Protein chains: 2
Amino acid sequence: MQNSLQIIFPNFSSELIATIEENGTLQNFETGTILMRTGQYIKNTVLITKGKIKIYREGEDGGEFLMYYLQPGQACAISMICTAKSEKSQIMAKVVEDVSVMMIPLQMMDKWMMEHRSWYEFVIETYRSRFEEVLEVVDNIAFRSMDERLEFYLKRHSDACGCSEVNLSHQEIATELNTSREVVSRLLKKMEQRGLVKLNRNQIELLNVK
Amino acid sequence: MQNSLQIIFPNFSSELIATIEENGTLQNFETGTILMRTGQYIKNTVLITKGKIKIYREGEDGGEFLMYYLQPGQACAISMICTAKSEKSQIMAKVVEDVSVMMIPLQMMDKWMMEHRSWYEFVIETYRSRFEEVLEVVDNIAFRSMDERLEFYLKRHSDACGCSEVNLSHQEIATELNTSREVVSRLLKKMEQRGLVKLNRNQIELLNVK
DNA sequence: ACTCTTCTGTGATAAATGTTACTGTAGGTT
DNA sequence: AACCTACAGTAACATTTATCACAGAAGAGT
């Protein structure tokens with residue numbers, strides 16, 4: 001166990017790994033589980049050791065706008081940011097591939113920041129990369145039209161799962177882009193005509209999407 | 001001088017203030033100055049002591065999408081995040097009201113994080129509040145239509161300047177919302193008919209905008 | 001085979017936003 | 001006054017996206 005954590009988080013010092021083992025709780029969650037809801041109080045910092053999580057921003061009308069993916073070796077930036085104050089979560093986290101996560105009590109955050117250089121660097125890097133990712137999301141919705149956003153969405157999905165098949169219904173995609181199912185169907189059809197994808201039921205094969 | 005820094009950053013310890021005085025450089029910039037461009041390397045962490053700065057995300061086509069304001073007592077989160085690695089800036093910063101800023105060499109960041117509790121807390125709080133602000137921006141463009149976004153824009157402007165007059169042309173507003181001048185004119189006219197604003201040349205008076 | 005449900009495709013239409021083109025107006029300059 | 005320029009208003013039209021309505025196809029269960 002100790003060994004595997006070290007492999008997933010190669011930059012952590014061995015002392016830090018030991019401390020995590022000591023203070024953290026490893027928990028498993030099945031696909032579909034909502035790990036965190038908007039407005040809930042955050043009690044733990046979450047390190048992902050296995051599986052996949054999607055982070056959404058929820059609209060008042062029930063929209064679920066996809067922000068980004070969390071994968072093994074990563075951590076939830078939101079759960080780190082809301083440290084001492086035990087702030088409310090601004091996002092919703094959903095398991096999309098059975099996960100194992102290491103739950104770390106929030107009070108450890110501050111302590112380790114001072115005691116473990118590799119933790120400090122990990123936290124800063126997490127902030128930085130998530131901030132950049134959110135800025136890229138802003139780019140997409142501010143500057144691009146739906147067809148470009150859809151292409152970007154598919155590319156991101158295939159990057160995240162490491163495969164070229166997207167096993168989602170048009171409705172699910174529409175929800176995560178905050179548009180309607182019909183729009184997604186139409187745009188996908190156009191992409192198929194351009195030879196970018198092949199459409200099957202509940203599956204989209206990416207062809208030339210680099 | 002030492003005194004005024006302490007007033008603007010009330011949570012900083014007196015030792016930290018002294019260290020800042022010692023290592024930082026106070027600089028002044030006039031309205032209109034571009035403090036930082038997308039793609040430039042960041043060499044300093046910036047603390048604002050006077051004036052106002054707007055942070056933009058630049059589109060490939062030359063769009064300037066407004067993200068948020070920076071005011072006295074605040075710091076540029078981006079310039080903090082891109083610490084050790086001296087990363088490229090992902091944003092553009094423009095002075096909109098003559099500013100004084102304290103430039104702090106990036107290498108101080110890490111050092112002070114360990115040595116000054118009040119610096120550490122300030123940095124974490126800066127990350128947190130900016131992250132939240134950007135999430136709110138995502139909300140706006142993902143879930144809201146242009147008329148709502150325009151209202152939000154005007155409200156934010158009046159909050160930032162503490163007055164109820166917006167001294168901007170329709171074109172400037174359109175640029176910052178990444179839409180066209182005509183659309184802004186139309187929507188403003190509708191708002192005027194609803195009694196929300198009064199339109200003058202180069203000025204919009206907010207009436208009932210709470 | 002039949003039924004049911006979910007998913008997909010598509011036309012028709014509406015609404016929001018973007019674009020083009022033109023007009024008038026306020027203010028500054030000569 | 002005459003002129004110039006930036007700003008603002010607005011009509012007409014194009015494009016994009018959203019909504020409504022409906023039909024057919026695929027798969028699951030009986």
Side-chain angles (χ1 to χ4, degrees), chain A residues 31-32 59-66 138-154 157 165-206, chain B residues 31-32 59-66 138-154 157 165-206:
Chain A
T31 301
E60 291 155 10
D61 53 343
E64 298 184 357
F65 190 84
L66 175 63
V138 170
D139 271 12
N140 273 291
I141 44 183
F143 297 121
R144 304 198 193 292
S145 51
M146 198 50 86
D147 54 349
E148 292 176 291
R149 287 173 51 195
L150 178 57
E151 277 193 48
F152 184 81
Y153 174 92
L154 295 175
H157 182 98
E165 287 91 39
V166 180
N167 296 305
L168 295 171
S169 72
H170 296 183
Q171 181 59 65
E172 290 174 290
I173 297 172
T175 303
E176 302 197 341
L177 288 170
N178 197 50
T179 180
S180 68
R181 201 261 316 158
E182 292 90 329
V183 170
V184 171
S185 287
R186 268 197 277 266
L187 293 176
L188 281 173
K189 210 66 198 169
K190 278 187 198 165
M191 286 179 70
E192 187 175 45
Q193 283 158 11
R194 286 195 291 150
L196 297 177
V197 296
K198 183 164 181 311
L199 301 179
N200 306 308
R201 190 186 173 82
N202 272 316
Q203 190 193 60
I204 301 163
E205 291 175 49
L206 308 189
Chain B
T31 301
E60 290 156 11
D61 53 344
E64 298 183 357
F65 191 85
L66 175 63
V138 170
D139 271 11
N140 273 292
I141 42 183
F143 297 121
R144 304 198 194 292
S145 52
M146 199 49 87
D147 54 349
E148 292 176 291
R149 288 173 51 195
L150 178 58
E151 277 193 51
F152 184 80
Y153 174 92
L154 294 175
H157 181 97
E165 286 90 40
V166 180
N167 296 303
L168 295 171
S169 72
H170 296 183
Q171 181 59 65
E172 290 174 290
I173 296 171
T175 303
E176 301 197 340
L177 288 170
N178 197 50
T179 180
S180 68
R181 201 257 319 157
E182 292 86 337
V183 171
V184 171
S185 288
R186 264 199 291 262
L187 295 176
L188 281 173
K189 212 65 198 168
K190 278 186 200 164
M191 287 179 69
E192 188 175 43
Q193 284 158 11
R194 285 197 291 149
L196 296 178
V197 296
K198 181 162 183 312
L199 301 178
N200 306 308
R201 190 187 173 81
N202 270 318
Q203 191 193 60
I204 302 163
E205 291 175 50
L206 307 190

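From a predicted model like this one, the values you see are computed outputs, not experimental measurements. Numbers restart at 1 for each chain; the letters A, B, ... are given by sequence-line order, proteins then strands.
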Worksheet entry | Protein-nucleotide distance (A:Gln193, atom CD; C:dT8, atom P), rounded to Å | 17 Å
Discussion item. Once side chain to side chain donor-acceptor pair (under 3.5 Å) is applied, do any residues pair with B:Asp147, and if so which ones, sequence neighbours excluded?
Written reply: B:Ser145
Just the atom pairs and distances: protein N or O near nucleotides 12-17 of chain C's N or O, under 3.5 Å.
unit_1, atom_1, unit_2, atom_2, d
C:dT17, OP1, B:Met146, N, 2.8

Show every donor-acceptor pair shorter than 3.5 Å between a side-chain atom in residues 187-197 of chain B and any protein atom, with sequence neighbours excluded, or say none if there are none.
unit_1, atom_1, unit_2, atom_2, d
B:Lys189, NZ, B:Glu192, OE1, 2.9
B:Glu192, OE2, B:Leu199, N, 3.1
B:Arg194, NH2, B:Glu151, OE2, 3.1

Fill in: Length of the line joining A:Glu192:CD and C:dG9:C1', which is rounded to integer Å
11 Å
Worksheet item: So what does A:Leu199 touch, heavy atoms closer than 4.0 Å: a base, only the sugar-phosphate, or nothing?
Response: sugar-phosphate
Worksheet item: Got a sec, which residues hit side chain to side chain donor-acceptor pair (under 3.5 Å) with B:Glu165, two or more places apart in sequence or on another chain?
Response: none
Worksheet item: Can you list the steps and then say if A:Leu168 with A:Tyr153 is a side-chain contact (heavy atoms from CB on, under 4.5 Å)?
Response: CA-CA 12 Å; A:Leu168 295 171; A:Tyr153 174 92; 3.3 Å; yes
Item to complete: Evaluate the side-chain proximity of A:His157 to A:Ile173: yes if any heavy-atom separation is below 4.5 Å, no if none is.
Response: no
Discussion item. Once salt bridge (charged side-chain N to carboxylate O under 4.0 Å, His left out) is applied, do any residues pair with B:Glu176, and if so which ones, sequence neighbours excluded?
Written reply: B:Lys54
Item to complete: Begin with the C-alpha distance, continue with both residues' side-chain angles, and end with the deciding distance and a verdict on side-chain contact (heavy atoms from CB on, under 4.5 Å) for A:Val138 and B:Val138.
Response: CA-CA 6 Å; A:Val138 170; B:Val138 170; 3.7 Å; yes
Worksheet item: By side chain to side chain donor-acceptor pair (under 3.5 Å), which residues pair with A:Ser169, not counting sequence neighbours?
Response: A:Glu172
Item to complete: Under 4.0 Å from any heavy atom of chain A: name the first and the last nucleotide of DNA chain D that qualifies, 5' to 3'.
Response: D:dT17 to D:dG27
Just the table, please: protein N/O against nucleotides 20-24 of chain C N/O, every pair under 3.5 Å.
unit_1, atom_1, unit_2, atom_2, d
C:dT20, O4, B:Glu182, OE2, 3.2

Worksheet item: side chain to side chain donor-acceptor pair (under 3.5 Å) with A:Ser180: which residues, sequence neighbours excluded?
Response: none
Item to complete: May I have the distance from A:Ile204 (atom CD1) to C:dT8 (atom P), rounded to whole angstrom?
Response: 8 Å
Worksheet entry | Closest contact, heavy atoms only, B:Gly63 versus B:Asn178 | CA-OD1, 4.4 Å
Item to complete: Please step through side-chain contact (heavy atoms from CB on, under 4.5 Å) for the pair B:Glu60 and A:Arg144, ending with a clear verdict.
Response: CA-CA 10 Å; B:Glu60 290 156 11; A:Arg144 304 198 193 292; 3.1 Å; yes
Practice prompt. Using the test salt bridge (charged side-chain N to carboxylate O under 4.0 Å, His left out), find all partners of B:Lys198 that sit at least two apart in sequence or belong to another chain.
Written response: none
Fill in: Results of salt bridge (charged side-chain N to carboxylate O under 4.0 Å, His left out) for B:Arg201 - residues two or more places apart only
none
Discussion item. I need the residues from residues 165-172 of chain B with at least one non-hydrogen atom less than 4.0 Å from DNA chain C; give them sorted by number, or say none.
Written reply: none
